[in-house]
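To start, the structure itself, in C-alpha cells.
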Amino acid sequence: MAARSMEELVSLCKRRGFIFPGSELYGGLQGTYDYGPLGVELKNNLKAAWWRSNVYERDDIEGLDAAILTHRLVLRHSGHESTFSDPMVDCRNCKSRWRADHIAGRCPRCGSSDLTEPRPFNLMFKTTVGPVADEESFAYLRPETAQGIFINFKNVLDATSRRLPFGIAQIGKAFRNEITPRNFIFRVRELEQMEIEFFVLPGEDEVWHRRWVGERLRWWQAQGLAADNLVAQPQSTADLAHYSKATVDLLYRFPHGLEELEGIANRTDFDLGSHSRFQAELSLTARVLPNEDSTARLAVQDLASGQWAVPFVIEPSAGVDRGVLALLTEAYAQEQLPGGQQRTVLRLRPHLAPIKLAVIPLARNRPELVDRARAVCADLRALGLGRVQLEDGGNIGKAYRRHDEIGTPYCVTIDFDTLGIGDQPELKDTVTVRDRDTMEQVRIPLSELASWLPGRFAAPRLPDPEQVSG
Ligand code: ATP
C-alpha cells in the first residue's frame with residue numbers, strides 16, 4: 001500500500017506542488033525545503049491536529065510561541081554549547097565530510113577507508129544581533145523549541161496559576177547545521193518541531209513517561225499511520241542526549257528505513273535545575289541585577305509543606321517535517337483499476353487533506369454550469385472545512401485523477417441535472433459526490449451537503465489505550 005521509494009514521493013511532491021528544494025532557482029541550499037501550495041496545507045493541518053489534541057482537548061496543557069533567536073547563555077546553561085554536537089569525519093581521499101555514526105568505516109562516496117578520527121561538530125547556527133558584529137553580539141538560532149519553554153516556565157506558571165502536573169506545548173522552527181542532510185525532508189537544517197514539556201513531581205516521572213509514549217503512539221495512529229509501521233524503541237544508554245535519563249523513540253517505516261519520527265524523553269530536572277542554578281549564581285555575584293532568588297528559581301512550592309521542588313520534565317518531541325513525510329509515505333498508493341488503468345491515490349485522512357473538496361462543473365465551456373459551481377463553492381467554503389477548490393480547468397476524468405493524486409477526499413460535480421435542464425428534472429439541485437477511496441458516486445441534494453460533509457472531516461478521536469500495542 002505505502003510508498004515503496006523516496007523517489008516516488010519526491011516526484012509527486014515536486015509535480016503537484018507539495019515540496020520544492022529550497023533556493024532551487026540558484027542551485028539549491030542543501031538541507032532546506034520550501035512547502036508549496038499543497039504542502040503548506042498538509043503541514044498546517046498536521047500542526048492543527050496536534051494542537052487540537054494537546055491544547056484544546058486536554059485540561060493540563062498551555063500553549064506558547066517563544067522567540068527563535070536565543071540568548072547564548074540560555075544555550076550555554078542548557079548544555080548545548082558544550083554537548084550538542086555530532087561526530088564528524090573527513091575522507092582524506094575525496095575530501096567529503098560525514099557523520100561518523102552514519103557510516104560503516106568507509107567513505108560512502110569513494111569507498112576509501114582513509115578517514116580522519118571523529119571529532120565533535122557543534123550543530124548550532126550562530127547569527128549576530130544588532131549593527132555591531134563582535135564576539136559579544138551573537139545569538140543562536142534555537143536548535144530545539146524546548147529551551148523557550150523552560151525559560152518561560154515561571155512566566156507561564158505565574159500567569160496561569162497552574163499546579164503540577166501540567167505541560168506547555170509549542171510548535172515552531174528549529175535549526176541544526178546537520179553534517180549530512182539527506183533523505184528528502186527527513187534530515188534538514190531548518191526543521192519544525194511540535195514539542196510538549198510536561199512538568200511533573202519528581203518521582204512521578206517514570207509513570208508519566210510511559211503514559212506519554214502510549215499517548216503519542218495512539219495519536220500518530222489517529223493521523224492514519226498503521227500500527228505495523230510504528231515501533232516504540234527505548235534508546236540505549238550510550239545514545240541518550242546529555243539531558244535525558246531515558247528516551248523512547250517512536251520509529252516509523254519511512255521509504256529509507258525504520259527511523260525516528262518522534263522522541264519522548266525523560267529530561268528529569270536537568271534544564272530547569274541548570275537555569276535555576278545559574279540564576280542563583282547571578283544573584284550571589286550580583287553581576288546583573290538579580291531577580292529575587294525565589295522568583296528566579298524555576299521551581300514550584302508545595303503549599304502544605306512550603307518545600308520548593310524543581311519539576312521533572314517529560315518531553316514528547318515530534319518533527320513536523322518527518323510527520324509530513326510519514327503521512328505521505330503511508331497515504332501513497334498505486335492502484336490497478338478494473339479496466340487495466342492505473343491510478344495514484346493519496347489516502348490521507350480527510351482532516352489532513354490539503355484540499356477538502358473540489359467542485360467541478362461537468363463542462364467548462366458552459367457558463368451556467370461554471371457559475372453554479374462557483375456559487376456552490378462559496379457555500380461550501382462557508383462551512384469552514386478548509387480549502388475548497390473550483391476545478392474548471394480540464395475534463396472531468398483528469399480532474400478526478402489529479403484530486404486522487406493530491407488526496408482530495410471528495411469531488412462535487414455540477415451537471416445539467418443540477419441546473420434542472422438535464423434528462424432527469426427530479427434531480428434539480430442535487431450534485432454528484434465522488435469518494436476518493438472507493439471511487440463511488442452518490443447523488444445528494446445540495447441542501448443536505450452542509451450536514452453530510454462536516455462529520456466526514458472531523459479529526460478522529462484517539463483509540464482506547466488498550467487497543468494499542470507497543
Ligand atoms: P536524529 O537522531 O535523527 O538526529 P535527534 O534524536 O537528534 O534526531 P531530537 O533532538 O530528539 O532528534 O529531536 C526531536 C525530533 O525533531 C526528532 O524526533 C525529529 O522528528 C525532529 N528532528 C530532529 N532533527 C531533525 C532534522 N535534522 N530534520 C528534521 N527533523 C528533525
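Since the model is a prediction, treat every value here as computed from it, not as a measurement. Order of appearance sets the numbers: ligands from 1, and atoms from 1 within every ligand. Count residues from 1 along the sequence.
Formation of a donor-acceptor pair under 3.5 Å by the Arg253 side chain with backbone atoms of Asp228 is found in this model.
Residue Gln235 has no N or O atom closer than 3.5 Å to an N or O atom of ligand 1. Considering backbone and side-chain N/O atoms, Gly319 comes within less than 3.5 Å of an N/O atom of ligand 1. Residue Leu261 places at least one N or O, backbone or side chain, under 3.5 Å from an N or O of ligand 1.
Classified by interplanar angle (parallel below 30°, tilted 30° to 60°, perpendicular above 60°), the ring pair Tyr33/Phe184 is perpendicular. Relative orientation of the Trp208 and Phe198 rings is tilted, given thresholds of 30° and 60° on the angle between their planes. Taking the six-membered ring where tryptophan is involved, the planes of Tyr252 and Phe254 are perpendicular, since the angle between them exceeds 60° and thus also 30°.
Closest to atom 14 (C) of ligand 1 among all protein heavy atoms lies Ser317 OG, 3.0 Å. In this structure, atom 4 (O) of ligand 1 lies nearest to the protein heavy atom Arg187 NH1, 2.8 Å. Shortest contact from atom 28 (N) of ligand 1 to any protein heavy atom: Val188 N, 3.0 Å. Arg322 NH2, 3.6 Å is the protein heavy atom nearest to atom 25 (C) of ligand 1. When only non-hydrogen protein atoms are considered, atom 16 (O) of ligand 1 lies nearest to Gln193 NE2, 3.2 Å. For atom 22 (N) of ligand 1, the nearest protein heavy atom (residue, atom name, distance) is Leu191 CD1, 3.7 Å.
The closest non-hydrogen atom to atom 18 (O) of ligand 1, taken over Glu144, Glu260, His102, comes from Glu260. Taking all heavy atoms of Tyr33, Tyr252, Phe186 into account, the minimum distance to atom 29 (C) of ligand 1 is reached by Phe186.
Atom numbering of ligand 1 starts at 1 in the shown order; those under 4.0 Å from a heavy atom of Gly263 are 18 (O). Those atoms of ligand 1 with a heavy atom of Arg176 less than 4.0 angstrom away are 5 (P), 7 (O), 9 (P), 10 (O), 12 (O), 13 (O), 23 (C), 24 (N). Interface of Arg99 with ligand 1, defined as ligand atoms under 4.0 Å from a residue heavy atom, comprises 4 (O).
Residues satisfying the side chain to side chain contact (heavy atoms under 4.5 Å, CB included) criterion with Glu7, sequence neighbours excluded, are Ser5.
Residue contacts with ligand 1 leave out Met194, since none of its heavy atoms falls under 4.0 Å from the ligand. Under the 4.0 angstrom criterion for non-hydrogen atoms, Asp321 is not in contact with ligand 1.
Only the backbone of Glu262 comes within contact range of ligand 1, with a heavy atom under 4.0 Å; no side-chain atom does. Neither the backbone nor the side chain of Arg182 has a heavy atom within less than 4.0 Å of ligand 1.
Geometric assessment of Arg72 against the ring of Phe138 yields a positive cation-pi assignment under the 6.0 Å and 45° thresholds.
No side-chain N or O of Gln223 forms a donor-acceptor pair with one of Trp50 less than 3.5 Å apart. Asn266 and Glu206 are not linked by any side-chain donor-acceptor pair at a separation below 3.5 angstrom, with hydrogens and angles left out of the test.
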Table please: side-chain donor-acceptor pairs of residues 139-147 below 3.5 Å, with sequence neighbours left out.
residue : atom : partner : partner atom : Å
Tyr140  : OH   : Glu81   : OE2          : 2.8
Arg142  : NE   : Lys173  : O            : 2.7
Arg142  : NH1  : Ala66   : O            : 3.1
Arg142  : NH1  : Ala67   : O            : 3.4
Arg142  : NH2  : Lys173  : O            : 3.1
Glu144  : OE1  : Arg267  : NH1          : 3.1
Glu144  : OE2  : Gln147  : NE2          : 2.9
Glu144  : OE2  : Arg267  : NH2          : 3.1
Thr145  : OG1  : Glu195  : OE1          : 2.5
Gln147  : OE1  : His275  : NE2          : 2.9
Gln147  : NE2  : Asp271  : OD1          : 2.9

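Taking the six-membered ring for Trp, Phe278 and His77 have ring centres closer than 6.0 Å. Taking the six-membered ring wherever Trp is involved, the centroid distance between the rings of Phe166 and Phe199 falls below 6.0 Å.
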